[in-house]
Amino acid sequence: MSEWLALAIAMLAACAVVVAVVLLRHRRAGADEDTDETPDVIEYMTMMIGVVYAIVLGLAIAGVWETRGAAQDDVFREAQALHEVSARAQVYPVEFRDKVRADVDAYVSYVVDVEWTYMRENGEISERGTELLDKLRTDVATRPPASDLEAQVYQPILDRISVADDARNARGQNAGPSMPGVVWFGLIVGAVVTVGMVFFLQIRRSPRELILAGAFSALIAFLLFLIWDFDDPFGRSVSVTTQTFTDLFPTLGGGSG
């Protein structure tokens, strides 16, 4: 089942539950029950709960969106740094230049074809990817510059490799869900309480009120799904992809992301 189909089912289920409860409550309401007026205190509490929960939802969405943006930036830094390493290797003799570019290509191909899937499934980067990047660093660092031109690019290339390593580690830290379980508990309980307060407003079964109640519950379900989807920057439907790598290295990778 796709995530979007699960979202549609969840939203429809939320609407159905709210409408069913409203209809059942209306059917069981006593003949002497006054459903035309709601105590002021209930209206005030409903308003306050709605405002507080809206703030919590907004903060949660902003947090997961910021995490996803940071993950996207880390991927760009990593790919761009490796692209510059490959370009700066132009000053080396053909044999060593091809060796450096082969190391870069091997790492990028592994990231795109293998590690991205591994990262989604395990929530961390792989040791093999670390080994490939270390091999690139070792090959560059252990060859002393043979000319002034090589000396000028020696340290910048090492710096670019360090940037790629730092971005890689940041990518590993962002892999997997980032929202603590206690926050999810608060979001779900808050959703139940917020939707539940609708029933204290003594809404009737008129089409207008039922549509509003159902739409409100569906909106809550959608926002919770949105937070859940953004919570894992690399593992959900709206995730960070390998597009940056494939754009900078168009001849490599199978496009698994």
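For the numbers below, each heavy atom of this structure counts, side chains included, while hydrogens, waters and symmetry mates do not. Numbering starts at 1 and runs along the sequence shown.
- Note on Y118: it does not cluster hydrophobically with V111, by side-chain heavy-atom contacts below 4.5 Å among ILVMFWY residues.
- Considering all non-hydrogen atoms of both residues, T244 and A79 come closest at CG2-CB, 3.6 Å.
- Considering every non-hydrogen atom in both R137 and L158, the closest pair reads O-CD2, 4.3 Å.
- Rounding to the nearest 0.5 angstrom, the gap separating the CG atom in L226 from the CH2 atom in W65 is 8.5 Å.
- Under the salt bridge (charged side-chain N to carboxylate O under 4.0 Å, His left out) criterion, R77 pairs with D74, D166, not counting sequence neighbours.
- The cluster map of Ile, Leu, Val, Met, Phe, Trp and Tyr, joined by side-chain heavy atoms under 4.5 Å apart, puts V56 and V192 in different clusters.
- F245 contributes atom CZ, which lies 11.0 Å from atom CD of Q80 (distance to the nearest 0.5 angstrom).
- Considering every non-hydrogen atom in both D232 and G176, the closest pair reads OD1-N, 3.3 Å.
- Environment of CD in E95: sparse, with no more than 12 heavy atoms of neighbouring residues, nucleotides or ligands closer than 6.0 Å.
- The two residues F234 and A175 have their closest heavy-atom pair at CD1-CA, 3.9 Å.
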Worked verdict on Q90 versus R101 for side-chain hydrogen bond (donor to acceptor under 3.5 Å, both in side chains) = CA-CA 9 Å; Q90 179 67 34; R101 289 179 174 175; 2.9 Å; yes

inquiry  = Does R120 form a side-chain contact (heavy atoms from CB on, under 4.5 Å) with T117? I'd like the steps, not just the answer.
reply    = CA-CA 5 Å; R120 286 179 172 178; T117 301; 5.7 Å; no

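- Looking at Y92 and R143, their side chains come closer than 4.5 Å, going by heavy atoms from C-beta outward.
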ask   = Taking it one step at a time, do L136 and L82 satisfy side-chain contact (heavy atoms from CB on, under 4.5 Å)?
value = CA-CA 10 Å; L136 171 63; L82 292 169; 4.1 Å; yes

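- No donor-acceptor distance shorter than 3.5 angstrom exists from the side chain of D231 to the backbone of P177, with no hydrogens or angles considered.
- Not a single salt bridge (charged side-chain N to carboxylate O under 4.0 Å, His left out) links E124 to another residue, sequence neighbours left out.
- Counting only residues at least two apart or on different chains, the salt bridge (charged side-chain N to carboxylate O under 4.0 Å, His left out) pairs with a member in residues 155-164 are E84-R160.
- Cluster membership check: V182 shares its hydrophobic cluster with V64, using side-chain heavy-atom separations under 4.5 Å among Ile, Leu, Val, Met, Phe, Trp and Tyr.
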request  = Output, in order, the C-alpha distance, side-chain angles, deciding distance and verdict of side-chain hydrogen bond (donor to acceptor under 3.5 Å, both in side chains) for D247 and Q243.
outcome  = CA-CA 6 Å; D247 286 345; Q243 186 65 42; 2.7 Å; yes

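- A salt bridge links R171 and E78; the closest N-O separation between the charged side-chain nitrogens and carboxylate oxygens is under 4.0 Å.
- In terms of modelled atom types and a separation under 3.5 Å, the side chain of Y53 and the main chain of L187 share a donor-acceptor contact.
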task = With side-chain contact (heavy atoms from CB on, under 4.5 Å) as the test, would you mind laying out the steps for V85 and D103 before giving the verdict?
result = CA-CA 10 Å; V85 169; D103 288 344; over 6 Å; no

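- When side chains are defined from C-beta on, P180 does not count as touching F185, because their heavy atoms never get closer than 4.5 Å.
- Between F216 and T194, some side-chain heavy-atom pair lies under the 4.5 Å cut-off.
- The shortest heavy-atom contact between T138 and T142 is O-OG1, 2.6 Å.
- No continuous path of hydrophobic side-chain contacts links L223 to I188 [ILVMFWY only; heavy atoms under 4.5 Å].
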task = Report the C-alpha separation of F230 and T67 in whole Å, then their side-chain angles, then the decisive distance to 0.1 Å, and conclude whether the side-chain contact (heavy atoms from CB on, under 4.5 Å) test is met.
result = CA-CA 8 Å; F230 285 159; T67 299; over 6 Å; no

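- The shortest heavy-atom contact between P233 and A71 is CB-CB, 3.7 Å.
- In this pair, F225 and W228 present their aromatic rings tilted. The plane angle is within the 30 to 60° band.
- At least one side-chain heavy atom of L57 sits under 4.5 Å from a side-chain heavy atom of I227.
- Side-chain contact between S86 and V100 is absent, with no heavy-atom pair separated by less than 4.5 Å.
- Both V75 and V114 are members of a single hydrophobic cluster when ILVMFWY side chains are connected at heavy-atom separations under 4.5 Å.
- Rounding to the nearest 0.5 Å gives a distance of 7.5 Å between CZ of R88 and CD1 of I157.
- The line from CD of Q155 to OG of S162 is 8.0 Å long, rounded to the nearest 0.5 Å.
- In this structure, Y110 and W116 have side chains that are not in contact, with every pair of non-hydrogen atoms separated by 4.5 Å or more.
- Between the side chain of S147 and the backbone N or O of E150, at least one donor-acceptor pair lies under 3.5 Å.
- No salt bridge links R168 with D165; every basic N to acidic carboxylate O contact stays at or beyond 4.0 Å.
- The local environment of CZ in F76 is sparse, with at most 12 non-hydrogen atoms from other residues, nucleotides or ligands closer than 6.0 Å.
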